Amino acid sequence: MQQIFEGINHIFDFVIPVSDFFWDFPTNFTWYKNIPVLGNFSLAIILLVGSGIFFTVRTGAVQVTHFKKGLKILAQKKSEQAGLSPLTAFFLSSAMRVGPGNILGVTGAVTAGGPGALFWMWVSAFFGMATAYAEAVLAQLFKEKKGDELIGGLPFYGKKLLKNSGAAGVFLSVMFIVYAMCCLPAQGFNVVSSVGQMAQLMTGRQLESDAVFYYVAAFILLLVTAYIAFGGIRKVTRVTDKMVPVMAVLYVVTVLVLVLLNLNRIPYFLKAVFGGAFTPQAVFGGAFGTVLSQGVKRGLMSNEAGQGTITMAAGAANSAHPCEQGVVQSIGVFLDTMVICTLTGFVVVMAHLWDGAEGEAFMAMDKLPKFLASAKELTPGVAMNTGIALSITVCFCLFAFTCLVGMISFSEIAANRITRKKGWIHTVRILGICITAFGIFCSIAGIDLGNLWAISDLGNILIVFANIPLLYIGQGYIMRATRHYKKEDGTPFTSAVIGTKSEYWE
């Protein structure tokens, strides 16, 4: 068995350079890299940050002007006959956004690019809020009704925007399903490995990666995942409604305790982050490209703005106006990056293990042990350190699990664009569970997580290249809906407002 997994691991080795090529293109060509300043910006960064700036300007910074309104929408108590309430859709999207990337992504970005990468995460997230608004509005505009459910998202608005092409809808559905399946192995790996980490913290005993405990944990996880996945989106949302608030509050409280215990280190944190982002050597030297790309790349891995992947939750919501889900989903990016990722950055940067005498040993660790080592550095006392480490690991496990069930659920929604036959939907669910099992057993076999994350990175960037052009094609519809929303004159929204047929909004 070990030889089989190692063989698979070697096959996946090719994914890392392919993923890096797409993320770095065209900075991996000397002629482009030699262009002053511009040579630091890859096409991916130009598309993601540039599109965020574009939609921020076009919408009049809707992520700022309507932030408070978005909070009011979330506070409303609604019982929906069809579709999801805005709050339930928000929790479902947050189940995907607030994932292991909030810990692993930030830790990896600071390790590879220094504290300055965190600043560029903030920048990309601020503008990404406008991108998330735009794609959520499109998801709402072209959603469809399926029984008592609403379905929509990238494959649905892609089909409509590309001259109502059925082939385009099928292609985007398949692409989304492939993207989700690329992400599932890492999530399965993370859930089981974090369960093992919790067991070790509570017992004080080291577990071998192939211990019977892991097989039992894997069996239970797959059963629970199958039970939730085959219950459809309604059952998934019942899980995310409960888990997302708990894991978010627990993580925020845990890290705030560390911050309060280390208030004297905050000036160092601010100096390291802003200094790392703006020193002349960084801006005009090769270091800038690394800092910027790590910030944007890991920011995307966390908040998913621009990917079109969160649009499934937006399209499933029952809203009075399409733009309501736009402002709600922009708040999701804020929660993910400005709050959760910033708190992770506090721990990693303030612990200062990524630099200096311990830097080499720190670099050699896996990302979760890196973060736990940073938390330990900031925690006084052995007993308190165990409590903090256990709390963080529980959050990490919940992050990975909600992301896992969210991926399978969103794959199911995308599959509806191809056909709504039950046999096909069940096939997609089973495929998701089988690929999750592969990730779990990679963990048991002691296979490196790095290749699984590289597959996720590749899925991330390919879906970005598919989604961003569609936002520009659909910008006219987005802006007409936005102007109507901002008027607040009491007129109901219909498809006549955007000048094209949309069955749901007829």
Side-chain angles (χ1 to χ4, degrees), residues 88-108 132 153 176-195 221-222 224-226 228-229 233 235-248 250-251 298-305 307-314 316 329 332-333 335-337 340-341 344 367-368 371 392-414 429 431-433 435-440 442-443 449 452-453 455-457 459-460 463:
T88 296
F90 176 78
F91 284 149
L92 180 59
S93 63
S94 296
M96 289 273 284
R97 281 198 177 101
V98 184
N102 290 82
I103 293 176
L104 302 187
V106 178
T107 304
F176 183 90
I177 293 169
V178 169
Y179 151 79
M181 299 305 157
C182 284
C183 296
L184 283 175
Q187 306 310 334
F189 186 110
N190 286 326
V191 174
V192 169
S193 62
S194 57
V195 168
L221 171 62
L222 289 173
V224 172
T225 302
I228 294 170
I233 193 168
K235 185 162 286 183
V236 171
T237 56
R238 282 198 290 272
V239 172
T240 55
D241 276 356
K242 292 177 175 63
M243 282 192 174
V244 170
V246 170
M247 70 188 193
L250 179 61
Y251 187 72
R298 296 308 164 193
L300 169 68
M301 177 186 176
S302 173
N303 64 50
E304 305 196 32
Q307 286 183 248
T309 49
I310 301 298
T311 57
M312 308 301 180
Q329 293 305 325
V333 176
L335 168 68
D336 180 272
T337 305
I340 307 289
C341 287
T344 300
K367 293 184 181 69
L368 182 57
F371 186 71
I392 289 171
T393 308
V394 168
C395 291
F396 183 83
C397 182
L398 293 176
F399 288 175
F401 181 70
T402 56
C403 197
L404 190 160
V405 295
M407 287 282 183
I408 296 176
S409 178
F410 285 9
S411 297
E412 176 186 330
I413 294 174
R429 291 168 175 168
L431 180 62
I433 293 164
I435 291 178
T436 300
F438 169 75
I440 291 170
C442 278
S443 174
L449 176 62
L452 300 183
W453 277 120
I455 298 170
S456 297
D457 277 345
N460 285 340
I463 206 82

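All heavy atoms count here, side chains included; hydrogens, waters and symmetry mates do not. Because the structure is a prediction, the values reported are computed rather than measured.
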Legend entry - Distance, nearest 0.5 Å, that separates CG of Leu404 from CD1 of Ile435: 11.0 Å

Legend entry - Flag, side chain of Ser409 to backbone of Val405, donor-acceptor distance under 3.5 Å: no

Inset, instruction - Specify the closest pair of heavy atoms between Ala180 and Ser411, including all atoms of both residues, with the distance to one decimal. - result: CB-OG, 3.1 Å

Legend entry - Flag side-chain contact, heavy atom, 4.5 Å: Ile177 against Met181: yes

Inset, instruction - Could you tell me which residues satisfy ring pair (Phe, Tyr, Trp, His ring centres under 6.0 Å) with Phe399, sequence neighbours excluded, listed by chain and number? - result: Tyr251

Inset, instruction - State, with a plain yes or no, whether a side-chain heavy atom of Phe91 is found less than 4.5 Å away from one of Lys242. - result: no

Inset, instruction - Any chance you could measure Ser194, atom OG, to Ile392, atom CD1, to the nearest 0.5 Å? - result: 13.0 Å

Inset, instruction - Measure the shortest side-chain to side-chain distance between Ile228 and Phe401 over non-hydrogen atoms and say whether it is less than 4.5 angstrom. - result: yes

Legend entry - Gap separating the CD1 atom of Ile340 from the CE atom of Met247, nearest 0.5 angstrom: 8.0 Å

Legend entry - Closest non-hydrogen atom pair, Asn460 against Gln307: OD1-NE2, 3.0 Å

Inset, instruction - Starting at OG1 of Thr240, measure out to CG of Leu398 and round the result to the nearest 0.5 Å. - result: 12.5 Å

Inset, instruction - Would you check if the side chain of Asn190 reaches a backbone N or O of Ala186 as a donor-acceptor pair within less than 3.5 Å? - result: yes

Inset, instruction - Could you tell me the separation between the OG1 atom of Thr436 and the CG atom of Leu431, rounded to the nearest 0.5 Å? - result: 9.0 Å

Inset, instruction - Please name the pair of heavy atoms, one in Ala229 and one in Glu412, separated by the smallest distance, quoted to 0.1 Å. - result: O-OE1, 4.0 Å

Legend entry - Ala400 versus Val191, closest heavy-atom pair with distance: CB-CG2, 3.6 Å

Legend entry - Considering all heavy atoms, the nearest Phe410-Ile310 contact: CE2-CA, 4.2 Å

